[in-house]
Asks: 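Got a structure for you, written out below as structure tokens; questions coming shortly.
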Protein chains: 2
Amino acid sequence: MSDKTGMAPIRDAAATGVLSIDAMGGDLGPEAVVSGLALAVKKIPAIRFIVHGDKPTLDALIAKRRGLSDHCTVRHADDIVAMTDKPSQVLRTGRDTSMWSAVEAVKSGEATVCVSCGNTGALMAVSTIRLRKLPGVNRPAIAILWPSRNPSGFNVMLDVGADIRADAEDLVQYALMGMSYARNGLGLDRPRVGLLNVGTEENKGRTELKDAHDRIEKVAVDNGFDFVGFVEGGDIPGDRVDVIVTDGFTGNVALKTGEGTARFVRDMLAEAFRATPLSKVAALLAMSSLKRLSRRIDPRRVNGGVFLGLNGTVVKSHGSADETGIAAAVGLAWNLSEAGFSERLKARVAAATATLEQTAPEAET
Amino acid sequence: MSDKTGMAPIRDAAATGVLSIDAMGGDLGPEAVVSGLALAVKKIPAIRFIVHGDKPTLDALIAKRRGLSDHCTVRHADDIVAMTDKPSQVLRTGRDTSMWSAVEAVKSGEATVCVSCGNTGALMAVSTIRLRKLPGVNRPAIAILWPSRNPSGFNVMLDVGADIRADAEDLVQYALMGMSYARNGLGLDRPRVGLLNVGTEENKGRTELKDAHDRIEKVAVDNGFDFVGFVEGGDIPGDRVDVIVTDGFTGNVALKTGEGTARFVRDMLAEAFRATPLSKVAALLAMSSLKRLSRRIDPRRVNGGVFLGLNGTVVKSHGSADETGIAAAVGLAWNLSEAGFSERLKARVAAATATLEQTAPEAET
């Protein structure tokens with residue numbers, strides 16, 4: 001139970017199981033990344049990595065962990081993408097960075113999934129330029145797992161910040177991609193998809209949302225998912241839906257508001273336990289139960305935004321991820337790799353694009 | 001401490017102190033509303049109410065609470081606005097409702113502030129039609145208080161759902177109105193105002209946000225507030241700002257996501273305490289500390305969205321508010337009434353509109 005990541009059990013073991021790791025991007029440096037890889041290897045002995053970054057540093061760090069070098073191929077990169085680098089600048093001058101090299105290994109087919117804790121904007125830009133968008137996808141999206149009341153323990157939400165806007169057609173694509181992710185990532189046969197709005201009545205909200213509502217309803221049957229219609233912010237951690245579809249601006253605000261609120265409540269709780277001698281004793285007695293709670297809502301356990309809509313899968317880990325967070329992102333990448341997710345998503349989008357072209361309103365054909 | 005509402009102490013005692021109460025709109029009916037009024041009277045003996053609704057019912061409920069009738073004038077209304085009534089329908093046929101009557105008493109000057117737990121859309125529609133928008137205000141907004149790390153215990157956020165969109169000019173108005181509310185409602189001399197975005201760099205986000213950023217920066221100095229620039233979802237419960245400005249769609253999603261997350265964490269915590277015999281003992285020992293925490297993050301204590309931008313102030317209480325929630329909304333209304341908030345806001349908007357017209361970009365003059 002304690003190391004459950006909410007991922008479905010591995011079913012297809014056909015893939016080669018090589019992940020491409022950008023070891024240089026995170027706030028805590030390559031040491032945290034290599035520790036995370038070592039943690040992941042303990043849980044998944046079959047895993048293999050191509051690790052990108054400064055070779056002398058990485059070789060030394062890997063050598064310190066017994067047996068880890070058997071799982072790793074180190075690929076040297078001279079340069080690092082900084083958290084403050086602008087995406088456009090990285091596209092122009094970033095060919096020698098560990099991030100670029102890590103994405104390149106997915107492009108060349110040497111690895112199935114790329115993992116990086118680097119700068120989100122730069123990673124999205126490099127991934128889009130090198131892997132290219134799937135035919136039929138206008139805007140790629142970032143999907144995250146959100147702790148919820150559902151039996152799997154999680155919901156999927158997208159887009160949480162790949163783009164700052166989305167039109168009706170993008171939202172339909174997000175519904176399809178999110179559904180495919182929930183199926184392969186959470187192991188749900190028939191995911192329930194909802195469209196985020198400020199009310200649940202069908203006549204409410206912005207025009208593009210009403211339009212997207214009708215179009216998602218149409219594609220739901222053919223694509224084997226249930227469309228529950230409009231959902232509200234309160235449903236994001238709830239059990240009414242499995243996949244929450246929204247534009248990247250709203251999704252990013254919701255994500256950060258939720259994280260901030262959870263952190264606020266946690267800090268207030270810690271303060272409450274320090275308040276009196278009795279409450280301090282209580283904190284000791286409740287320790288194991290509180291640890292369980294803390295694990296349930298620990299953002300490190302669901303570390304990993306997945307870029308959807310490209311030819312290949314990229315997992316973006318939190319910049320501040322420690323070894324636990326890195327191991328979670330690597331575990332997620334492994335599960336997606338083993339499920340053959342990139343290929344399945346591609347097939348899903350291709351089939352749906354054909355259907356969409358048939359059902360699109362006259363004015364748009 | 002235990003009944004602190006985060007409101008500034010009352011300083012101007014000049015106003016007449018009559019509040020207009022729609023007693024029929026809430027989910028729990030007039031009984032909860034009258035109980036809330038009785039609670040408020042205990043804390044604020046000078047308070048007086050005009051109570052709108054079914055007179056026989058209200059007379060009977062008020063008579064049951066000793067001394068309450070001295071504070072109340074009951075005004076009969078035949079009809080009730082239901083939670084499912086559409087705003088347009090209420091505007092056409094709602095003249096005999098308790099909601100309409102309650103707003104009318106502010107319009108006529110008999111009361112300073114109106115409080116209702118009714119249907120938000122209908123209340124906003126009736127308030128806008130009867131009280132009319134302040135000169136210079138295009139879109140009224142709903143402002144709420146959000147539990148935060150700030151010394152006052154709260155931040156102000158607006159708009160949380162009066163409208164589903166806002167252009168740059170609206171956002172500038174929201175900044176001014178939210179600042180005035182923070183000054184009069186939270187007693188802050190120099191509120192710090194932030195504009196909600198998906199990053200804090202100045203070049204990020206939608207065009208209207210960049211435009212609003214520059215314009216709010218210009219009006220900040222003349223209006224005595226600090227503009228901290230862009231803020232993110234995580235700052236909503238934080239201590240970087242006092243006022244968070246956003247459009248009604250984003251604000252509503254953030255509000256409901258935050259509420260949903262807090263509820264989720266609270267439920268998980270309760271579950272953790274029920275998990276083992278030891279944790280059950282711990283819950284008993286920590287009871288008083290946990291109650292304090294629960295009070296700190298209790299949404300009922302900050303019950304009351306305030307409609308800003310109209311000729312007169314309307315407080316919207318949660319539909320599901322119980323007597324504690326009603327009393328909090330009434331206490332908020334009282335503080336705003338005593339601060340002469342409606343007049344101050346009007347003066348602020350008038351002065352700023354003049355400045356704005358001078359500083360507006362050429363293309364828009």
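Order of the sequence lines fixes the chain letters, A, B, ..., with proteins taken first and strands second; residue numbering starts at 1 for each chain.
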Asks: Got a donor-acceptor contact below 3.5 angstrom from the B:D85 side chain to the B:A82 backbone?
Replies: yes
Asks: Once the angle between the rings of A:H213 and A:F230 is folded into 0 to 90°, is it parallel (under 30°), tilted (30 to 60°) or perpendicular (over 60°)?
Replies: tilted
Asks: Between A:L196 and chain B, with a heavy-atom cut-off of 4.5 Å, which part of the residue counts as in contact: side chain, backbone, both or neither?
Replies: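 Both backbone and side chain of A:L196 come within 4.5 Å of chain B.
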Asks: Have a look at A:L186 and tell me which of A:P151, A:P191, A:S152 forms a side chain to side chain contact (heavy atoms under 4.5 Å, CB included) with it.
Replies: A:S152
Asks: Between B:R139 and B:R165, is there a donor-acceptor pair closer than 3.5 Å when you use the side chain of the first and the backbone of the second?
Replies: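 Flag set: sc B:R139 to bb B:R165 pair under 3.5 Å.
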Asks: Which residue out of B:G260, B:G258, B:G121 racks up the most heavy-atom pairs below 4.5 Å with chain A?
Replies: B:G258
Asks: Donor-acceptor pair, distance only, cut-off 3.5 Å: does the side chain of B:N119 make one with the backbone of B:M83?
Replies: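 Yes, the answer is positive, given that a donor and an acceptor are paired below the 3.5 Å cut-off.
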Asks: Quick check on B:I164 against chain A: is it the side chain, the backbone, both or neither that has a heavy atom closer than 4.5 Å?
Replies: both
Asks: Could you pull out all residues at least two apart from B:S317 that satisfy side chain to side chain contact (heavy atoms under 4.5 Å, CB included)?
Replies: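 B:S317 satisfies side chain to side chain contact (heavy atoms under 4.5 Å, CB included) with B:C117, B:N303, B:A321, B:I326, B:A329 once adjacent residues are dropped.
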Asks: Is there a donor-acceptor contact under 3.5 Å linking the side chains of A:N150 and A:D239?
Replies: no
Asks: Tell me, out of A:T261, A:I236, A:L255, A:D267, who's got the most heavy-atom pairs with chain B below 4.5 Å.
Replies: A:T261
Asks: Would you say A:N155's side chain and A:S148's backbone share a donor-acceptor pair under 3.5 angstrom?
Replies: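 Pair absent, no side-chain N/O of A:N155 close to backbone of A:S148.
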Asks: Spell out the residues in residues 242-249 of chain A that have some non-hydrogen atom less than 4.5 Å away from a non-hydrogen atom of chain B, in order of number; otherwise answer 'none'.
Replies: A:D247, A:G248, A:F249
